[in-house]
*Asks:* 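Quick one: this structure, given as structure tokens, is what I'll be asking you about.
In what follows, every chain begins at residue 1, and chains take the letters A, B, ... in the order their sequences are listed. Every heavy atom of this structure was used, including side-chain atoms; hydrogens, water molecules and symmetry mates were not.
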Protein chains: 2
Amino acid sequence: MSKVRESIARAALMYDGHFSVDELVQTLHERGVQDAHLATVYRALPLMVEAGLIQPALVSKHDGQRYEASFERDHHDHLVCTSCGRVVEYKSEALEALQREIARRYDYELDDHVHELRGRCKSCRNRAH
Amino acid sequence: MSKVRESIARAALMYDGHFSVDELVQTLHERGVQDAHLATVYRALPLMVEAGLIQPALVSKHDGQRYEASFERDHHDHLVCTSCGRVVEYKSEALEALQREIARRYDYELDDHVHELRGRCKSCRNRAH
DNA sequence: ATCGATGCAAAGGGTTTGCAAGGTT
DNA sequence: AACCTTGCAAACCCTTTGCATCGAT
């Protein structure tokens with residue numbers, strides 16, 4: 001692994017959440033370590049995905065692909081309040097079992113999922129009425 | 001509403017699942033009804049979303065934004081092949097019941113959800129090995 | 001006559017690629 | 001020397017926009 005790629009990898013794994021390609025380049029520049037060219041980053045990222053270091057982030061976003069460190073993607077899902085943004089993380093074995101069953105039905109070998117429930121939490125409902 | 005937009009709307013609502021902008025234009029051309037220009041379609045779609053006719057499909061897009069009729073929403077979720085992009089739409093009452101139960105547990109009033117399973121379909125697995 | 005809708009072409013923004021130069025073994 | 005990596009610029013794809021024209025009120 002070259003030095004440039006090592007810098008890219010180090011920076012990528014440092015993010016708490018997900019990051020865009022531009023943000024990554026920005027970070028590298030600020031850090032002054034390397035002047036990784038945009039094209040180089042674009043070429044490095046798929047390799048890092050291949051190597052299992054990072055993954056495309058499963059956010060329904062519009063601006064461009066985002067990535068996140070592989071270890072970020074632990075098995076929890078989100079229950080998001082559409083009013084106040086509060087997020088509850090939950091985990092349901094029954095749900096995961098069900099997902100596996102659905103994948104089996106269509107003969108897909110599952111390796112990931114996004115599950116996000118959206119609604120309004122109790123306090124927001126009370127506040128509204 | 002102009003005739004062109006009416007044709008666009010009619011075609012959009014005719015799809016069983018979701019569609020891309022190109023597919024929509026293609027359909028319109030094949031139907032020969034109108035030669036709706038790409039730019040016109042791009043301008044019409046946000047209006048139709050605004051009007052509640054269609055919605056952006058909650059698929060982590062590969063190639064470009066996809067849309068689906070509003071009434072399609074909440075009726076199915078997606079199983080996406082990470083290799084070839086093939087999308088299977090499925091619906092599971094058990095799954096929805098489970099979601100409702102989770103929401104109830106945390107006292108959220110559910111009004112939407114994203115559920116996307118990601119994996120590799122049979123033919124892609126075969127091709128690789 | 002006015003005002004929105006359309007076609008066209010050109011511009012934008014994100015991503016990919018061809019190629020020559022630079023590194024590494 | 002052979003091979004991989006990088007920078008750069010140009011190409012690409014999807015989407016948006018400026019502008020003149022068309023259409024309906």
Side-chain angles (χ1 to χ4, degrees), chain A residues 1-13 15 17-68, chain B residues 1-13 15 17-68 78 80 82-87:
Chain A
M1 182 184 264
S2 76
K3 283 187 177 164
V4 175
R5 287 197 185 157
E6 195 183 322
S7 300
I8 295 172
R10 197 186 311 284
L13 296 178
Y15 282 93
H18 40 71
F19 58 90
S20 72
V21 177
D22 284 343
E23 285 161 9
L24 183 54
V25 171
Q26 191 81 12
T27 299
L28 288 168
H29 276 214
E30 282 168 9
R31 203 170 290 179
V33 188
Q34 294 274 0
D35 257 62
H37 198 273
L38 200 55
T40 304
V41 175
Y42 272 113
R43 279 190 274 235
L45 288 172
L47 300 175
M48 291 171 59
V49 170
E50 187 72 17
L53 274 175
I54 58 171
Q55 300 194 326
L58 300 173
V59 199
S60 19
K61 273 276 304 179
H62 246 298
D63 274 2
Q65 183 63 57
R66 300 184 73 83
Y67 294 89
E68 63 190 353
Chain B
M1 182 183 264
S2 76
K3 283 187 178 164
V4 176
R5 289 198 183 155
E6 194 183 322
S7 300
I8 294 172
R10 196 186 310 285
L13 296 179
Y15 283 94
H18 42 70
F19 57 89
S20 71
V21 176
D22 284 343
E23 285 162 8
L24 183 54
V25 171
Q26 190 81 12
T27 299
L28 287 168
H29 277 213
E30 281 166 11
R31 203 171 288 178
V33 188
Q34 294 274 358
D35 257 62
H37 198 273
L38 200 55
T40 305
V41 175
Y42 273 112
R43 279 189 274 234
L45 288 172
L47 299 175
M48 291 170 60
V49 170
E50 187 71 16
L53 273 174
I54 59 172
Q55 300 192 329
L58 298 173
V59 188
S60 43
K61 50 168 189 213
H62 280 103
D63 271 3
Q65 183 63 58
R66 302 185 72 83
Y67 293 89
E68 64 191 353
H78 297 300
V80 182
T82 52
S83 285
C84 67
R86 193 160 68 97
V87 177

*Asks:* Where the side chain of Thr40(A) is defined as all heavy atoms beyond and including C-beta, which of dT6(C), dC14(D), dG7(D) is the nearest nucleotide?
*Replies:*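 Comparing dT6(C), dC14(D), dG7(D) against the side chain of Thr40(A), the answer is dG7(D).
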*Asks:* Ile8(B) has an atom CD1; how far is it from atom C1' of dA5(C), in whole Å?
*Replies:*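 Going from CD1 in Ile8(B) over to C1' in dA5(C) covers 10 Å.
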*Asks:* Just how far, in rounded Å, is P of dT17(D) from OH of Tyr42(B)?
*Replies:* 13 Å
*Asks:* Rounding to a whole Å, what distance do you find between Leu38(B):CG and dA10(C):C1'?
*Replies:*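 Roughly 14 Å, once rounded to whole Å.
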*Asks:* Which heavy atom of Glu23(B) sits nearest to which heavy atom of Arg66(B), and what is that distance?
*Replies:*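 Closest approach of Glu23(B) to Arg66(B), heavy atoms only: OE1-NH2, 3.0 Å.
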*Asks:* Determine yes or no for a side-chain-to-main-chain donor-acceptor pair under 3.5 angstrom, with His78(B) supplying the side chain and Val80(B) the backbone.
*Replies:*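 No, the answer is negative, given that no donor and acceptor are paired below the 3.5 Å cut-off.
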*Asks:* Return the value, rounded to whole Å, for the distance between atom CG of Leu47(B) and atom P of dT16(D).
*Replies:*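 My rounded result for the distance is 12 Å.
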*Asks:* Please pick, from dT17(C), dA5(C), dT16(C), the nucleotide with the shortest atom-to-atom distance to any side-chain atom of Arg43(A).
*Replies:* dT17(C)
*Asks:* To the nearest angstrom, how far is Asp22(B) atom CG from dC14(D) atom C1'?
*Replies:*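 That distance rounds to 8 Å.
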*Asks:* Let me know the distance between OH of Tyr67(A) and P of dG14(C), rounded to the nearest Å.
*Replies:*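 Going from Tyr67(A) (OH) to dG14(C) (P), I get 14 Å.
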*Asks:* Kindly indicate, with the supporting measurements, whether the criterion side-chain contact (heavy atoms from CB on, under 4.5 Å) is fulfilled by Val4(A) and Val41(A).
*Replies:* CA-CA 9 Å; Val4(A) 175; Val41(A) 175; over 6 Å; no
*Asks:* Of the candidate nucleotides dT6(D), dT16(C), dT6(C), which contains the atom at the shortest distance from the side chain of Val4(B)?
*Replies:* dT6(C)
*Asks:* Taking all atoms of both residues into account, what is the closest heavy-atom pair of Tyr67(A) and Val49(A), and its distance?
*Replies:*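 Result for this residue pair: CE2-CG2, 3.8 Å.
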*Asks:* Calculate the interatomic distance between His37(A) atom NE2 and dT15(C) atom C1'; express it in whole Å.
*Replies:* 13 Å
*Asks:* Can you tell me the distance, in whole Å, between the CZ atom of Arg66(B) and the C1' atom of dC13(D)?
*Replies:* 16 Å
*Asks:* Quick one: is Ser2(B) getting a side-chain N or O under 4.0 Å of the dG23(D) phosphate, OP1 or OP2?
*Replies:* no
